[in-house]
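A note on names: the letters A, B, ... follow the listed sequences, proteins ahead of strands, and every chain is numbered from 1.
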Number of protein chains: 2
Amino acid sequence: MGTTGQLSTVPEPKYWHLRTVLLRAIETEFTTGQILPNERELSARFGVARATLRQALDQLELEGRLVRRRGIGTLIAAPRVGVPVNRHEEGWPGTARSQAWRIVDCTTAPATPQLAKTLGVAEGVTVHTVRRVRMVQGQNMATESLHVPAAALPHLPGFRAESDRARSVLRQLERLEVDGESRSVELGVAEAAEAALLERPPGSPVLVMTTQYAAAGRLVAIAVSTYRADTCKLTFGETGLVEVTPVAASSEVRSAS
Amino acid sequence: MGTTGQLSTVPEPKYWHLRTVLLRAIETEFTTGQILPNERELSARFGVARATLRQALDQLELEGRLVRRRGIGTLIAAPRVGVPVNRHEEGWPGTARSQAWRIVDCTTAPATPQLAKTLGVAEGVTVHTVRRVRMVQGQNMATESLHVPAAALPHLPGFRAESDRARSVLRQLERLEVDGESRSVELGVAEAAEAALLERPPGSPVLVMTTQYAAAGRLVAIAVSTYRADTCKLTFGETGLVEVTPVAASSEVRSAS
DNA sequence: GAGTGGTCTAGACCACCGA
DNA sequence: CGGTGGTCTAGACCACTCA
């Protein structure tokens, strides 16, 4: 019905058509880990400039279908890893498989205006910040900055070595009865610091998850987690249902009807 | 010497430095909706090729800071809109402000192999697919394909007009006691069909949310939702906590210490 | 050193928008 | 119409990896 005639639409850009062609090739003729022909050969084979070919590869990389390694080549990416982000499974310190998180550093400093506003505390109030990295399948998948107002942890022992203080903060947080959490997810790019921890170049796409933790009706902590968008699929499972097979684009599912 | 000190780190790429400079300018000298100087002037002003400038703008657009409109110019983007994705708030048909969803079409067809596998049904089983569009603040923010095996809706009335059938499917689904849902979120790009519905060019970044709905321990529906990544921030709120002020990159928060 | 992807250039033409 | 962003080209040089 409402189908806008394909007739009136301008010819598809070359790079988009290329992407589609390459995607089909990836799905039918290549397997995970395999190396594509190099960019100069591909661009010659398709009769386009290298920049145009790269535009197509950029798209496929954003979709998580390709991984490009300097000095090596362009590889078929493995399917994205489903990463659970439930508090009681993996998202909260000390619970279950918490060894997946590695503490990077820990600072205790007055809240910046921005952070104070986000935490709902007065500017300059002391805030503990624990930064850690999440490893999944041997890879750094995410970095997280956990911000906790010192006032929320009344029984924190005195000064210690940085790593000990980090552990103390996490332990104290565990003891609080966290009774609510609110999350948001949006697209971002990795700045220099995160990029280094994630072993990716600056500007790499990431999924930024912001989690607010509440205890006794008050906000006690905020975590800003940065997940690699190329290899991660965040999973919010209440109960373990069937595992999700990638359905690809919904339009593809539909178009098969 | 051969030492790998920070000294030897390669100079930052021009486009990345440009991005940082422009980001600072955006935050300090411009306000939402304002138009940046055009690309040719900016590239001249910074002494780089237009392609290099565009690479910087691409990054900022991916971060949701800029919107580019052909024939108009490059505008400062409004902050991302927090879009609730709770079943009981907005994510489920018929509940509360469901008028935010507009039905596009509805098909009833045998399941493709891929869809059958995802739904956990036999291939070729009849499946209803309702496609709809979610509007927020007057804009199309997401498209969704809701797949429901016909067997899960035993009391569906006979043949009807397409829009009536769509409504029947949604109504029937409401009556089921949905007792669990499992979600996943990953990065994707809009294919032609979604792109048109979202009023964006093909290849635009999107957040793909896949939701499995269970009733009586069985999987009764799967929804594949495609949210505009440029303007959306998905919010998974259990309880209405404080609204999340964008914390920006976690590293920025830290670096202020 | 040979081969790879990453960056950058200078220029061209196109599709779209508003006056 | 003139101005905007979108696409595409042909070429150059660099940083990285591996043999």
- Note on the structure: Whole-Å distance, L66(B) CG to dT4(D) C1', equals 15 Å

- Query: L57(A) has an atom CG; how far is it from atom P of dC8(D), in whole Å?
  - Reply: 14 Å

- Tell me whether the OP1 or OP2 atom of dC8(C) has a side-chain N or O from Y15(B) closer than 4.0 Å. no

- Item | Whole-Å distance separating the CD atom of Q55(A) from the C1' atom of dT9(D) | 12 Å

- Task: Could you please name the option among dC8(D), dT17(D), dG6(C) that lies closest to any side-chain atom of R68(A)?
- Result: dG6(C)

- Answer yes or no: is there a donor N or O on one side and an acceptor on the other, between the side chain of Q34(A) and the main chain of T31(A), under 3.5 Å? yes

- Item | L75(A): partners by side-chain contact (heavy atoms from CB on, under 4.5 Å), with sequence neighbours left out | I35(A), R69(A)

- Note on the structure: Heavy-atom nearest nucleotide on DNA chain C taken for K14(B) and for R69(A); more 5' hit belongs to R69(A)

- Note on the structure: When rounded to whole Å, the CZ to C1' distance for the pair R200(A) and dG5(C) reads 12 Å

- Message: Check this one for me: any side-chain N or O of T74(A) less than 4.0 Å away from OP1 or OP2 of dG5(C)?
- Response: yes

- Query: What's the CD-P distance between E12(B) and dA15(D), to the nearest Å?
  - Reply: 15 Å

- Query: Does a donor on one side chain sit under 3.5 Å from an acceptor on the other, for R134(B) and Y227(B)?
  - Reply: yes

- Grab the CD1-C1' distance between I72(B) and dG3(D) for me, whole Å please. 10 Å

- Message: I need the L57(A) CG to L22(A) CG distance, nearest 0.5 Å.
- Response: 6.5 Å

- Task: To the nearest Å, give me how far apart CG (L18(B)) and P (dT7(C)) are.
- Result: 13 Å

- Query: Do any N or O atoms from the side chain of R165(B) and from the backbone of C106(B) form a donor-acceptor pair under 3.5 angstrom?
  - Reply: yes

- Query: Can you list, by residue number, the residues of residues 35-54 of chain A that have a non-hydrogen atom closer than 4.0 angstrom to DNA chain C?
  - Reply: N38(A), E39(A), R40(A), R50(A), R54(A)

- Message: Given 3.5 Å as the limit, does a donor-acceptor pair link the side chain of R200(A) with the main chain of D230(A), or not?
- Response: no

- Task: Using atom CZ of R70(A) as one end and atom C1' of dC16(D) as the other, report the distance to the nearest whole Å.
- Result: 6 Å

- Donor-acceptor contact below 3.5 Å, side chain R80(B) vs main chain L187(A): yes

